[in-house]
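First the structure, in the form of structure tokens, and then the observations on it.
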Amino acid sequence: MNVPGTAATPPDTTDTVFRGARVVDGSGGPSRRGDVVVRDGRITTVHHEGDAGPRPGGGRTVDADGLALAPGFVDMHAHSDLALLRDPEHVAKLAQGVTLEVVGQDGLSYAPVDDRTLGEVRRAITGWNGDGGDIDFDWRTVGGYLDRLDRGIALNAAYLVPQGTVRMLAVGWEDRPATAAELDRMRQLVSEGLEQGAVGMSSGLTYTPGMYSPTAELTELCRVVARHGGYYCPHHRSYGAGALEAYREMVTLSRDAGCALHLAHATMNFQVNEGRAPELLALLDEALDAGADISLDTYPYLPGCTTLAALLPSWATEGGPEATLARLRDPAECARIRHVMEVEGADGCHGVPADWGSVEVSGVTRPELAGFVGRRLAGFEEAWRLLTEDRLGTTILQHVGHEDNVRAIMRHRAHTGGSDGILQGAKPHPRAYGTFPRYLGHYVRELGVLSLEECVAHLTSRPAARLRLPDRGLVRAGYRADLVLFDPATVAAGATYDAPRTPPVGIPHVLVDGRFAIRDGRRTDVVAGRSMRRTPPTR
């Protein structure tokens, strides 16, 4: 049974004074000790030591000595599209200090849909969000989904129009260019989604059917996004062989369309890209220096996470899930699939021949396959069994990342944080539960890759600027009181590969819209989140 979101928790009109905190305000500037006052969902006062006038008093006082007080973190790449609806607690993200997630990622989500495509997309991304059997899908439009979020969710959420789902509606699962009429319909669907509040458009260009879209088609859709003041967020065509060319395609496309660009989980993976992050950053710096509007997000881990079916060659998935399964069960077609995956390198596996030993099963949908979870695959035969018996629902980790690339990219001026967190499966990637405290604990305190102030800016004001949120992302008077208080000396991810749902440490308080969603390390009954709808561009 679906657990409906409760009505939003009423505003708290009593002053709450956070006394003696280290205020890391999100700007990237030096932190300063001070007092912060919250009332009725907003920050009313920020009083630093040495400021003129008396310290604020009255109301409730929270002793914040030894704690950093920062804006709530923004997860720029989340897969909580259904988790927000089924789980009013949502501690996976709240416990990390996340107060805003961006969903609708990788070109596949649940709006806009019709009855046919809703079933298809539910099947296609079961590994990301479950099959949705516990959800009442009482919407079909982007606006309807956002209205559903507004009935009551744990934290705030923004939505991207998923281009693959749009193509599913207009074209289907065929690997061909869209007709003029189909392209017009896709333009209309994207425009309607943005008018209804989406902040931009996403693509999954190694996932079907989005990967069938030629550059010219994507450019036309991005022109629509640009007219509405949104941004384009592609999971581009390769993170392996041809990765740099895939990034260059996106940069050129966004320039031609006049559209802001946000690169999803930007990294350089597989052996062919070890040590090559500087080449990517040089490409981005050249575009930024020429006036391009580009940002990116990363997660602070080496393995990637996706579905096992995503590694298949695109031609093998044409026609949708049932057609894919039929090809896998046909001996001749299956042999062809295996050859492409193991010898040539499938486009679904980023053009790199499959190294089955790097593929670890993180979740299955059928209980009889649970013995695979936590194991690395021995070869194609095991992959085939999972694909067919689990009906494409298996999720995996791919151990293909490089630490030097991860560190170089997270230092970049356009960088923001995104968990890419899949919450499904018996052993999900720990990034779903640990991304933000891992940035603060491992990469700030232990390694010094970023200063605390720099890192908080990456996780707060930068994404708020990309989302065009005028009153979030900074600790300033008048801003919404989405806040996190953490101990810089102890904050750390608890999640590990063996115990991926372990909560973080060192984050005692999280406020959403001025109300304690986490207090003294415990989840309260506050449900104060809502949809963050696109702010129309000024004329």
Side-chain angles (χ1 to χ4, degrees), residues 73-80 83 87 89-98 101-103 105-106 127-130 154-155 239 264-267 269 297-308 310 358-364 370 372-377 394-403 405-407 409-410 416-447 449-450 455 458-459 484 486 490-507 510 518 521 523:
F73 304 136
V74 179
D75 188 342
M76 285 295 287
H77 193 102
H79 288 285
S80 303
D87 179 16
E89 297 289 302
H90 205 39
V91 292
K93 296 299 179 67
L94 277 176
Q96 296 183 58
V98 173
E101 296 183 288
V102 185
V103 296
Q105 298 286 351
D106 294 332
W128 294 358
N129 297 304
L155 46 76
Y239 292 82
H265 38 60
T267 189
N269 284 338
D297 65 69
T298 72
Y299 49 82
Y301 295 87
L302 300 188
C305 179
T306 188
T307 61
L308 182 59
S358 72
V359 178
E360 177 185 349
V361 178
S362 60
V364 295
F372 282 96
V373 174
R375 283 178 43 195
R376 301 206 187 194
L377 295 181
T394 302
T395 52
I396 61 168
L397 306 186
Q398 269 189 295
H399 295 268
V400 293
H402 303 284
E403 182 68 21
N405 287 347
V406 169
R407 295 189 195 187
I409 294 169
M410 75 169 62
T416 67
S419 70
D420 196 12
I422 294 174
L423 302 171
Q424 293 294 118
K427 293 186 73 174
H429 197 305
R431 68 193 185 192
Y433 290 76
T435 286
F436 295 87
R438 181 168 169 83
Y439 268 120
L440 298 167
H442 185 60
Y443 284 98
V444 170
R445 184 180 64 247
E446 296 175 2
L447 298 181
V449 174
L450 296 166
C455 186
H458 289 212
L459 307 181
V484 55
F486 62 92
T490 64
V491 62
T496 66
Y497 293 100
D498 290 332
R501 289 188 169 90
T502 306
V505 297
I507 305 179
V510 181
I518 302 285
R523 180 69 170 98

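Atom set for the values below is all heavy atoms of this structure, side chains included, hydrogens, waters and symmetry mates excluded.
Residues L440 and C455 are in side-chain contact: their nearest non-hydrogen atoms beyond the backbone lie under 4.5 Å apart. Annotation: side chain of L377 is in contact with side chain of L308 (closest heavy-atom distance under 4.5 Å). Contact check for F372 versus T394: no side-chain heavy atoms found under the 4.5 Å cut-off. Side-chain contact check for H458 versus T416: every heavy-atom pair is 4.5 Å or farther apart. Annotation: side chain of I396 is in contact with side chain of Q398 (closest heavy-atom distance under 4.5 Å). Under the 4.5 Å side-chain criterion, counting only non-hydrogen atoms from C-beta, D75 is in contact with E101. Side-chain contact check for Q96 versus V484: every heavy-atom pair is 4.5 Å or farther apart. Counting heavy atoms from C-beta on, the side chains of H429 and T395 never come closer than 4.5 Å.
Rounding to the nearest 0.5 angstrom, the gap separating the CG atom in L397 from the CG atom in L302 is 11.5 Å. In this structure, NE2 on H79 lies 4.0 Å from CG on D106, to the nearest 0.5 angstrom. With rounding to the nearest 0.5 Å, the separation of CD1 in I518 from CZ in R523 is 6.0 Å. For the atom pair F73 CZ and L459 CG, the distance stands at 6.0 Å (nearest 0.5 Å). How far CG of L155 is from NE2 of H90: 5.0 Å, rounded to the nearest 0.5 Å.
Checking side-chain atoms of S80 against main-chain N and O of A83 turns up no donor-acceptor pair under 3.5 Å.
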Could you go through the side-chain contact (heavy atoms from CB on, under 4.5 Å) check for W128 and Q105 one step at a time? CA-CA 11 Å; W128 294 358; Q105 298 286 351; over 6 Å; no
Walk me through whether H442 and L447 qualify under side-chain contact (heavy atoms from CB on, under 4.5 Å). CA-CA 6 Å; H442 185 60; L447 298 181; 3.4 Å; yes
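With sequence neighbours excluded, no residue forms a salt bridge (charged side-chain N to carboxylate O under 4.0 Å, His left out) with R376.
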Cut-off 3.5 Å, no hydrogens considered: what does the side-chain donor-acceptor table look like for residues 431-439, sequence neighbours left out?
| unit_1 | atom_1 | unit_2 | atom_2 | d |
| --- | --- | --- | --- | --- |
| R431 | NE | S419 | O | 3.2 |
| R431 | NE | D420 | O | 3.0 |
| R431 | NH1 | Y299 | OH | 3.3 |
| R431 | NH2 | C305 | O | 3.4 |
| R431 | NH2 | D420 | O | 3.1 |
| R431 | NH2 | D420 | OD2 | 2.9 |
| Y433 | OH | R501 | NE | 3.2 |
| T435 | OG1 | R431 | O | 2.8 |
| R438 | NE | P300 | O | 2.6 |
| Y439 | OH | T298 | O | 2.9 |
| Y439 | OH | T298 | OG1 | 2.7 |
| Y439 | OH | H415 | NE2 | 3.1 |

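Ring-plane geometry between Y497 and Y301 is classed as perpendicular, the angle between the planes exceeding 60 degrees on a 0 to 90 degree scale with a lower cut at 30.
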